[in-house]
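Heads up, the thing below is written out as structure tokens.
Letters go in sequence order (proteins before strands), and every chain restarts at 1. Only heavy atoms go into these numbers, but all of them, side chains included; no hydrogens, no water, no symmetry mates.
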There are 2 protein chains.
Amino acid sequence: MENAARIFEGHLKLRGLKSTRQRQAIFNAFIESSVHLSAEELYRKLRKKNPGIGLSTVYRTLKLLCDCGLARALQLDDNMVTFEKESKRDHHDHMVCRECGRIEEFYSKAIEDLQERVAKKHGFIPEDHRMKIIGLCKECARRKAEK
Amino acid sequence: MENAARIFEGHLKLRGLKSTRQRQAIFNAFIESSVHLSAEELYRKLRKKNPGIGLSTVYRTLKLLCDCGLARALQLDDNMVTFEKESKRDHHDHMVCRECGRIEEFYSKAIEDLQERVAKKHGFIPEDHRMKIIGLCKECARRKAEK
DNA sequence: ATTGATATTGACATTCATTATCATTTAGAA
DNA sequence: TTCTAAATGATAATGAATGTCAATATCAAT
């Protein structure tokens, strides 16, 4: 995704921000990361190669990534924000298993459209949304049924 | 709502929990409260009439109220859980204005049904959900447009 | 009403994610 | 190179939420 790099650099330039070694490292680690991770996790991952990086900077840079639409902050867990890569092309929502914490992604054009419609009915201009379905995943449901 | 009181008392009895003065006070304050409030807000409200009540007990009792379906915990704000009265009869979701924080409630049978359907498609047994639309309310949108 | 086992309470301490502070360093335009 | 504003990271601070625990209250059984 050279594209993401260009978006990030463009965002920095546009706002008069500087392109630093740390921001590049955090950007790269984030882009290469798995789907969902917390600031703390990203921080630990970074420390392996870049010992000198600070947790504050990770938080700050994640905020920047959210600002330019490359990352999205989610409340999947109750006591921690998780971040995920985001692009307008692959928007999705989440369902979370209350037993094992498993996270499943889903997309429904119909739901997206309905949200748009419902917001406008209230005079609201929708810009973003979060949808989370809490329940039991297939495995946990089976395990419960067997018992 | 004598009904709510009965649900609460029934829940306590069912689980071998005791009906205490504090729980009753918190229950009443919550039932009489406005739509959305945090544990802290409920606590402050309670202190006026019941100086001896502890914040821990407010948190604990709110959890009980959630357990028996009388309350619902929401993440409307980024750094605080808010609670609202809930009953199966008037389920709804929320839209939040990112400018003024205004909260609007909405309900869409179609969205509810779709969520059910989408969850099942993934082998998920849906039990609950949270939907939040972030955007601009009518007033803030106008204010922005004028500028 | 008394008792006694057990749940409950509240003051306080603690945890833990996130944010602020601030002296030092760095980027990048001139 | 120089200069200025932004950035950094160690550390402290914040603040919501939870754990601790001795003292207290509830309530079923007597």
Side-chain angles (χ1 to χ4, degrees), chain A residues 8-30 36-68 71-84 101, chain B residues 8-30 36-68 71-83:
Chain A
F8 188 49
E9 291 297 326
H11 182 74
L12 294 179
K13 201 149 288 173
L14 195 71
R15 314 228 306 207
L17 304 176
K18 292 169 181 173
S19 176
T20 66
R21 183 170 41 81
Q22 291 91 331
R23 282 180 178 161
Q24 284 157 25
I26 295 167
F27 169 85
N28 286 324
F30 178 71
H36 306 105
L37 83 180
S38 66
E40 187 70 34
E41 284 166 343
L42 184 56
Y43 171 65
R44 278 202 299 273
K45 195 174 152 174
L46 274 157
R47 295 291 290 212
K48 291 175 190 164
K49 301 257 170 181
N50 308 59
I53 228 153
L55 179 55
S56 304
T57 305
V58 174
Y59 273 102
R60 291 188 280 236
T61 305
L62 279 169
K63 189 162 286 174
L64 286 178
L65 289 167
C66 288
D67 288 345
C68 66
R72 209 155 72 107
L74 304 170
Q75 278 277 358
L76 299 178
D77 187 317
D78 277 342
N79 56 311
M80 202 177 25
V81 172
T82 57
F83 296 86
E84 69 170 13
Chain B
F8 188 50
E9 291 296 328
H11 182 73
L12 293 179
K13 202 150 286 174
L14 193 71
R15 314 227 308 205
L17 304 177
K18 291 168 180 174
S19 177
T20 66
R21 183 170 42 79
Q22 291 90 332
R23 283 182 178 157
Q24 283 158 26
I26 294 167
F27 169 84
N28 286 324
F30 178 72
H36 305 106
L37 83 179
S38 66
E40 187 69 35
E41 283 165 345
L42 184 56
Y43 172 65
R44 278 202 299 273
K45 196 174 152 174
L46 275 156
R47 295 291 289 212
K48 291 175 190 163
K49 300 257 170 181
N50 308 58
I53 227 151
L55 180 55
S56 303
T57 304
V58 173
Y59 273 104
R60 291 187 281 235
T61 305
L62 279 170
K63 188 162 287 174
L64 286 178
L65 289 167
C66 287
D67 288 345
C68 65
R72 209 154 72 106
L74 304 171
Q75 279 278 356
L76 298 178
D77 187 317
D78 277 342
N79 55 311
M80 204 177 22
V81 171
T82 56
F83 296 87

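- Contact of the B:L65 side chain with the B:F30 side chain is registered, since non-hydrogen atoms from C-beta on lie closer than 4.5 Å.
- The terminal axes of the helix from C:dA1-D:dT30 to C:dA30-D:dT1, fitted over 5 pairs per end, subtend an angle of 30° to the nearest 10°.
- Listed nucleotides C:dG10, C:dA17, D:dA16 differ in distance to B:M80; the shortest reach to its side chain belongs to D:dA16.
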Nucleotide by nucleotide, nucleotides 19-30 of chain C touches protein heavy atoms under 4.0 Å in the pattern (B base, S sugar-phosphate only, - none) BBB-----BS--
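- Here D:dA7 presents its C1' atom at 14 Å from CZ of A:R15, a figure rounded to the nearest Å.
- Side-chain contact between B:T57 and B:R60 is present, with heavy atoms from C-beta onward closer than 4.5 Å.
- Contact check for A:Q24 versus A:E9: side-chain heavy atoms found under the 4.5 Å cut-off.
- DNA chain C is contacted by both A:E40 and B:P51; B:P51 maps to the nucleotide lying nearer its 5′ end (nearest heavy atom per residue).
- Rounded to whole Å, the distance from CG on A:D78 to C1' on D:dA16 is 13 Å.
- At least one side-chain heavy atom of A:T61 sits less than 4.5 Å from a side-chain heavy atom of A:F8.
- Computed from coordinates, the B:L62 CG to D:dA16 P distance equals 15 Å when rounded to whole Å.
- With rounding to whole Å, B:L42 atom CG is found 15 Å from D:dA16 atom P.
- If you take CG of A:N79 and P of D:dT18, they are 9 Å apart, rounded to a whole angstrom.
- Nucleotide D:dA25 holds its P atom 14 Å from the CD1 atom of B:I53, rounded to whole Å.
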* **Derivation of the side chain to side chain contact (heavy atoms under 4.5 Å, CB included) call for B:V81 and B:L62** => CA-CA 11 Å; B:V81 171; B:L62 279 170; over 6 Å; no
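- Residue A:R23 places at least one side-chain N or O closer than 4.0 Å to OP1 or OP2 of D:dT8.
- Spacing between atom CD of B:E9 and atom P of D:dT26 amounts to 12 Å, rounded to whole angstrom units.
- The CZ-C1' distance, from A:R47 to D:dT8, rounds to 13 Å in whole Å.
- The pair A:E40-A:R44 counts as a salt bridge, with a side-chain nitrogen and a carboxylate oxygen less than 4.0 angstrom apart.
- Side-chain contact between B:K18 and B:L12 is absent, with no heavy atoms from C-beta onward closer than 4.5 Å.
- Other residues, nucleotides and ligands contribute only 12 or fewer heavy atoms inside 6.0 Å of the CZ atom of A:R21.
- No donor-acceptor distance shorter than 3.5 angstrom exists from the side chain of B:N50 to the backbone of B:G52, with no hydrogens or angles considered.
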